[in-house]
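By convention in this document, chain letters (A, B, ...) are assigned in the order of the sequence lines, proteins followed by strands, and residues within each chain are numbered from 1.
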2 protein chains.
Amino acid sequence: MTKTTTPLPTRAVRGSTSGVAIMAVFDLLGRKWNMRILWELSQQPLSFRALQERCDGMSPSVLNDRVKQLSDAKLLASTASGYQLTELGLSLMHTLDPLRAWAADWESACGQV
Amino acid sequence: MTKTTTPLPTRAVRGSTSGVAIMAVFDLLGRKWNMRILWELSQQPLSFRALQERCDGMSPSVLNDRVKQLSDAKLLASTASGYQLTELGLSLMHTLDPLRAWAADWESACGQV
DNA sequence: GTTTTTGCTACGAAATAAGTAGCATCCTAG
DNA sequence: CTAGGATGCTACTTATTTCGTAGCAAAAAC
């Protein structure tokens, strides 16, 4: 496995030396699949393989990597009923909620080419 | 230049075949630097090179690529005073605002290891 | 009319993601 | 038991993305 470090709020972060927490968010969420994974898990808890299927059959190696990162970041945890968002992860998704409405606006704006 | 396609809300999108707009958001914002670029531009308009510096000296080839993507997505535009967010881009950053507060919570939660 | 600055391209190297195969463990049915 | 099947995950190869440096053409500053 190619080792990658998990961006955490207080650490130095990829794409930023400032250590500002929001940059860590951008770094973490900016990695392919991370947002998608959180999104899918916000709908329901899923097993590894179910999660993989939901994410268009993403490769298990990357999924495994991401699951570890997001666990390190305390955004999800493995439970009896599968992978599941933590309180923290849930609250993140909640703050991202308005994005759905924005996406709709965006869609109509881009449609008017 | 390695060609990459810009995720737009109605198109088929990397990481999703559903074409749901929010997936396009995740795809676009999930690319390295895109969030950061929008963030920096939300603070003030910047020239290409100034933007590059703000983004920790990211390579100009990638920056150019991103600027094109974000322009295609109508989130930024080149103006007399440099690159600048469009109304749409500004509104996106606005919906992402609560993220700053969340990041602070995250920081303190991760601190309590 | 030279320097500087700016926007940007080219291109090889490094990092990250994808894709496929498969193994060890844990059920569950017989 | 024990033969399946599902699950969580690792190993490894290939493809794609990102980096890093060099540098050029056009506009601006001198």
Seminar exercise, completed: Residue set satisfying side chain to side chain donor-acceptor pair (under 3.5 Å) with A:D72, at least two apart, ordered chain then number -> A:T6
Exercise. Does any pair with a residue in residues 75-95 of chain A pass salt bridge (charged side-chain N to carboxylate O under 4.0 Å, His left out), and if so which ones, sequence neighbours excluded?
Worked result: none
Problem set entry | Rounded interatomic separation in angstrom, taking CG from A:D65 and P from D:dG8 | 17 Å
For this session: Give a yes or no on whether the backbone of B:K32 and the side-chain of B:R66 come within a donor-acceptor separation of less than 3.5 Å.
Result: yes
For this session: Under the side chain to side chain donor-acceptor pair (under 3.5 Å) rule, collect the residues that match up with A:S71, sequence neighbours excluded.
Result: none
For this session: Give a yes or no answer on whether the side chain of B:T95 reaches the backbone of A:P98 with a donor-acceptor pair at less than 3.5 Å.
Result: no
Exercise. Could you give the CG-to-C1' distance, from B:N64 to C:dT6, as a whole number of Å?
Worked result: 13 Å
For this session: Take the protein atom CD1 of A:I37 and the nucleotide atom C1' of C:dA18, then report the distance between them rounded to whole Å.
Result: 14 Å
Problem set entry | Contacts of B:A50 that satisfy side chain to side chain contact (heavy atoms under 4.5 Å, CB included) - sequence neighbours left out | B:L46, B:S47
Problem set entry | Between C:dT16 (P) and A:L63 (CG): distance, integer Å | 18 Å
List every contact pair, protein side and nucleotides 19-21 of chain C side both N or O, where the distance is under 3.5 Å.
from	atom 1	to	atom 2	distance (Å)
C:dG19	O6	A:S61	OG	2.9

Seminar exercise, completed: Sorted by chain and residue number, the side chain to side chain donor-acceptor pair (under 3.5 Å) partners of B:W39 (sequence neighbours excluded) come out as none
Exercise. To the nearest Å, how far apart are A:M35 CE and C:dA17 P?
Worked result: 15 Å
Exercise. Phosphate oxygens OP1/OP2 of D:dC19: is one of them under 4.0 Å from a side-chain N or O of B:W33?
Worked result: yes
Exercise. Does the side chain of B:R66 get closer than 4.0 angstrom to OP1 or OP2 of D:dT18 through an N or O atom?
Worked result: yes
For this session: Could you work out which one of C:dC8, D:dC9, D:dT10 sits closest to the side chain of A:Y83?
Result: D:dC9
For this session: Would you kindly give the CZ-to-C1' distance between A:R31 and D:dT18, to the nearest whole Å?
Result: 13 Å
Seminar exercise, completed: Terminal axes of the helix from C:dG1-D:dC30 to C:dG30-D:dC1 (5 end pairs apiece), angle rounded to 10 degrees, sit apart by 30°
Per-pair distances, 0.1 Å, donor-acceptor, side chain in residues 76-83 of chain A, under 3.5 Å, sequence neighbours excluded:
from	atom 1	to	atom 2	distance (Å)
A:T79	OG1	A:S81	N	3.2
A:T79	OG1	A:S81	OG	3.3
A:T79	OG1	A:G82	O	2.8
A:T79	OG1	A:Q84	OE1	3.0

For this session: For B:T86 and B:K74, indicate whether the former's side chain and the latter's backbone hold a donor-acceptor pair under 3.5 Å.
Result: yes
Problem set entry | Distance below 4.0 Å between A:K68 side-chain N/O and D:dT10 OP1 or OP2 | yes
Exercise. Side chain to side chain contact (heavy atoms under 4.5 Å, CB included) with A:D97: which residues, sequence neighbours excluded?
Worked result: A:H94, A:R100
For this session: Residues of residues 43-51 of chain B with any non-hydrogen atom less than 4.0 angstrom from an atom of DNA chain C: list those, numerically ordered, please.
Result: B:S47, B:F48, B:R49
Exercise. Can you pull the salt bridge (charged side-chain N to carboxylate O under 4.0 Å, His left out) pairs that have at least one residue in residues 37-46 of chain A, sequence neighbours excluded?
Worked result: A:R36-A:E40, A:E40-A:R54
Problem set entry | A:K32 side chain near D:dT16 phosphate (N/O to OP1/OP2, under 4.0 Å) | no
